[in-house]
Peer 1: 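Just dropping this structure here.
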Amino acid sequence: MLENQRIYKNIEKKDLKKLLNTLQSNTLFYKSDQTIAYSIGNRNLIGIIEEGSAKLLRYDYDGARTILDEMNVGDIFSDMFLSTDSGELSVIATTDCKVTFIEYDKLIEECKTSKIAPVLLDNLVKLITKKLIKRNERIELLTRRSIRNKLLRYFELEEKKNNSKTFNLKYTYTDLADYLSIDRSAMMRELKNLKEDKLIEDINKKITILY
């Protein structure tokens, strides 16, 4: 239900529909692997994942791909959260996806007269704060000097999120390499070394931390 998503927290369904109509929101549907065209360069537009999941990709000038973010129901994306030199960006649906777009300026303007718009804005600010925390976590991973240290730190963060030393990898190996900005072949060699050193166990992408 839309009203139960984090971005719509504390907003009644009838009030939400009225607000989205006032904001002239636009809802679009995308198939899995389809590029979500959300006007790259329009820093005023905010996308809200209503159904499905997607990922934000950056393609560098040399063609290298990096996964910047993964998004599920209730998550948001916008150019306003990114630096102007982030390279060529694409949002790709990883499953069939439903996305609603709103304009930030219209939301701010509506806050002057509406009692509901400020609630949506407050929820938006809280989500942005969580994104900043997630971004700092990502920076910590990328600044690790070796592939081994990047992998071990990533596993430690997943252990904390899952509250268990055993968890399923949420990425394919290719996507994990892109997320950590490392070469896939080199990563696979290091995963093998970690298993041989008895630091992890990896069975069909189910990781168990042994140390």
Peer 1: Check the pair Glu190 / Lys150 against salt bridge (Lys or Arg N to Asp or Glu O under 4.0 Å), numbers first and verdict last.
Peer 2: CA-CA 10 Å; Glu190 192 56 55; Lys150 285 184 178 183; over 6 Å; no

Peer 1: Do you know which two heavy atoms are closest between Cys97 and Gly52, and how far apart they sit?
Peer 2: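 Residues Cys97 and Gly52, closest heavy atoms: SG-C, 4.1 Å.
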
Peer 1: Could you give me the CA-CA distance, side-chain angles and deciding distance for Lys115 and Asp15, then say whether salt bridge (Lys or Arg N to Asp or Glu O under 4.0 Å) is met?
Peer 2: CA-CA 10 Å; Lys115 294 182 179 180; Asp15 293 329; over 6 Å; no

Peer 1: Would you say Lys195 has more than 12 foreign heavy atoms packed within less than 6.0 Å of its NZ?
Peer 2: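 It does: Lys195 NZ has more than 12 such atoms within range.
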
Peer 1: After noting the C-alpha distance and the side-chain angles of Ile207 and Glu158, does the key distance pass the side chain to side chain contact (heavy atoms under 4.5 Å, CB included) rule?
Peer 2: CA-CA 10 Å; Ile207 302 294; Glu158 288 300 299; over 6 Å; no

Peer 1: For atom CG of Asp105, decide whether the heavy atoms of other residues, nucleotides or ligands shown that lie under 6.0 angstrom number more than 12.
Peer 2: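 Atom CG in Asp105 is packed in, count exceeds 12.
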
Peer 1: Do Leu169 and Phe155 have side chains that get closer than 4.5 Å, going by heavy atoms?
Peer 2: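 Heavy-atom side-chain distance check passes, below 4.5 Å.
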
Peer 1: Is a side-chain N or O of Asp183 found less than 3.5 angstrom from the main chain of Ser185, in a donor-acceptor match?
Peer 2: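 Yes, Asp183 side chain to Ser185 backbone: donor-acceptor pair under 3.5 Å.
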
Peer 1: Would you give the length of the straight line joining atom CG of Leu142 to atom OH of Tyr179, rounded to the nearest 0.5 angstrom?
Peer 2: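 That separation rounds to 8.0 Å.
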
Peer 1: Can Phe29 be reached from Leu20 by stepping across I, L, V, M, F, W or Y side chains whose heavy atoms are under 4.5 Å apart?
Peer 2: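 In one cluster with Leu20: Phe29, no.
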
Peer 1: For the residue pair Ile209 and Leu152, establish whether any side-chain heavy-atom pair is separated by less than 4.5 Å.
Peer 2: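 No - every pair of side-chain heavy atoms lies 4.5 Å or more apart.
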
Peer 1: Side-chain contact test, heavy atoms from C-beta onward, threshold under 4.5 Å: evaluate it for Arg138 versus Leu68 and give yes or no.
Peer 2: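 In short, these two side chains touch, coming nearer than 4.5 Å.
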
Peer 1: Decide whether Ile11 and Ile108 are clustered together by the hydrophobic rule: side chain heavy atoms of Ile, Leu, Val, Met, Phe, Trp, Tyr closer than 4.5 Å, transitively.
Peer 2: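 Linked within one cluster.
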
Peer 1: Is there a path of hydrophobic side-chain contacts, each under 4.5 Å between heavy atoms of I, L, V, M, F, W or Y residues, that connects Val73 with Ile36?
Peer 2: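 Different hydrophobic clusters.
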
Peer 1: Given Leu57 and Ile67, is the side chain to side chain contact (heavy atoms under 4.5 Å, CB included) satisfied, shown in steps?
Peer 2: CA-CA 5 Å; Leu57 304 178; Ile67 298 176; 3.6 Å; yes

Peer 1: Before giving the answer on salt bridge (Lys or Arg N to Asp or Glu O under 4.0 Å), spell out for Glu156 and Arg153 the whole-Å C-alpha distance, their side-chain angles and the decisive distance to 0.1 Å.
Peer 2: CA-CA 5 Å; Glu156 289 167 358; Arg153 183 53 182 159; 3.2 Å; yes

Peer 1: Could you go through Asn163 and Lys160, starting from their C-alpha distance and side-chain angles, then the distance that decides it, and tell me whether this counts as side chain to side chain contact (heavy atoms under 4.5 Å, CB included)?
Peer 2: CA-CA 5 Å; Asn163 195 30; Lys160 184 177 180 181; over 6 Å; no

Peer 1: Does Asp96 use its side chain to pair, donor to acceptor, with the backbone of Lys31 at less than 3.5 Å?
Peer 2: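 It does not hold such a pair.
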
Peer 1: Just verifying a value: how many Å separate Ser114 OG and Leu121 CG, rounded to the nearest 0.5 Å?
Peer 2: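 Rounded to the nearest 0.5 Å, the OG-CG separation comes out at 11.0 Å.
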
Peer 1: Any Lys/Arg nitrogen of Arg184 or Asp178 sitting under 4.0 Å from an Asp/Glu carboxylate oxygen of the other?
Peer 2: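 Judged by the 4.0 Å cut-off on N to carboxylate O distance, Arg184 and Asp178 do not form a salt bridge.
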
Peer 1: Any side-chain donor paired with an acceptor under 3.5 Å for Ser53 and Thr94?
Peer 2: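 Yes, a side-chain donor-acceptor pair sits under 3.5 Å.
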
Peer 1: Sort out for me which residue in Ile76, Asn123, Asp75 forms a side chain to side chain contact (heavy atoms under 4.5 Å, CB included) with Arg6.
Peer 2: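 Exactly one option meets the side chain to side chain contact (heavy atoms under 4.5 Å, CB included) with Arg6, and it is Asp75.
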
Peer 1: Please test Leu180 against Leu141 for side chain to side chain contact (heavy atoms under 4.5 Å, CB included), starting from the C-alpha separation and ending with a verdict.
Peer 2: CA-CA 7 Å; Leu180 297 175; Leu141 279 173; 4.1 Å; yes

Peer 1: Between Leu19 and Leu120, what is the shortest heavy-atom contact and its length?
Peer 2: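 Heavy atoms of Leu19 and Leu120 come nearest at CD2-CD2, 3.8 Å.
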
Peer 1: Output the distance between atom OG1 (Thr66) and atom CG (Asp175), rounded to the nearest 0.5 Å.
Peer 2: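 Rounded to the nearest 0.5 Å, the OG1-CG separation comes to 11.5 Å.
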
Peer 1: Is Lys170 atom NZ crowded by more than 12 heavy atoms from other residues, nucleotides or ligands, each under 6.0 Å away?
Peer 2: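 For Lys170, atom NZ is crowded (more than 12 foreign heavy atoms under 6.0 Å).
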
Peer 1: About how many Å separate CD of Glu50 and OG1 of Thr100, when rounded to the nearest 0.5 Å?
Peer 2: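 CD of Glu50 is found 3.5 Å from OG1 of Thr100.
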
Peer 1: Under a 4.5 Å cut-off applied to non-hydrogen side-chain atoms, are Val99 and Ile49 in contact?
Peer 2: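 Yes, their side chains come closer than 4.5 Å.
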
Peer 1: Might you point out which heavy atoms bring Leu107 and Ala117 nearest each other, and give the distance in Å?
Peer 2: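 Here Leu107 and Ala117 meet closest at CD1-O, 3.8 Å.
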
Peer 1: Over all heavy atoms of both residues, which pair between Leu199 and Tyr211 is shortest? Give the atoms and the distance, please.
Peer 2: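 That closest heavy-atom pairing would be O-CD2, 3.2 Å.
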
Peer 1: Mark yes when over 12 heavy atoms from residues, nucleotides or ligands other than Lys205 sit less than 6.0 Å from its NZ; otherwise mark no.
Peer 2: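 Atom NZ in Lys205 is crowded, with more than 12 foreign heavy atoms closer than 6.0 Å.
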
Peer 1: Check Ser78 against Leu45 and note the closest heavy-atom contact, atom names and distance.
Peer 2: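 Here Ser78 and Leu45 meet closest at OG-O, 2.7 Å.
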
Peer 1: Is the shortest side-chain N to carboxylate O distance from Glu137 to Lys161 below 4.0 Å?
Peer 2: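 The answer is yes: the pair qualifies as a salt bridge.
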
Peer 1: Any chance NZ of Lys134 has more than 12 other-residue heavy atoms, nucleotides or ligands included, within less than 6.0 Å?
Peer 2: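 Result for NZ/Lys134: enclosed.
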
Peer 1: If you apply the rule salt bridge (Lys or Arg N to Asp or Glu O under 4.0 Å), what do you find for Arg148 with Asp197, and how did you get there?
Peer 2: CA-CA 12 Å; Arg148 169 171 287 217; Asp197 292 342; 2.7 Å; yes

Peer 1: How many angstroms lie between OH in Tyr8 and NZ in Lys13, if you round to the nearest 0.5 Å?
Peer 2: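 Reported value, rounded in 0.5 Å steps: 12.5 Å.
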
Peer 1: Specify the closest pair of heavy atoms between Gly47 and Phe101, including all atoms of both residues, with the distance to one decimal.
Peer 2: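 Closest approach of Gly47 to Phe101: CA-CD2, 3.8 Å.
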
Peer 1: Can you measure from CD (Glu70) to CG (Leu56) and round to the nearest 0.5 angstrom?
Peer 2: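 Output value for this atom pair is 11.5 Å.
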
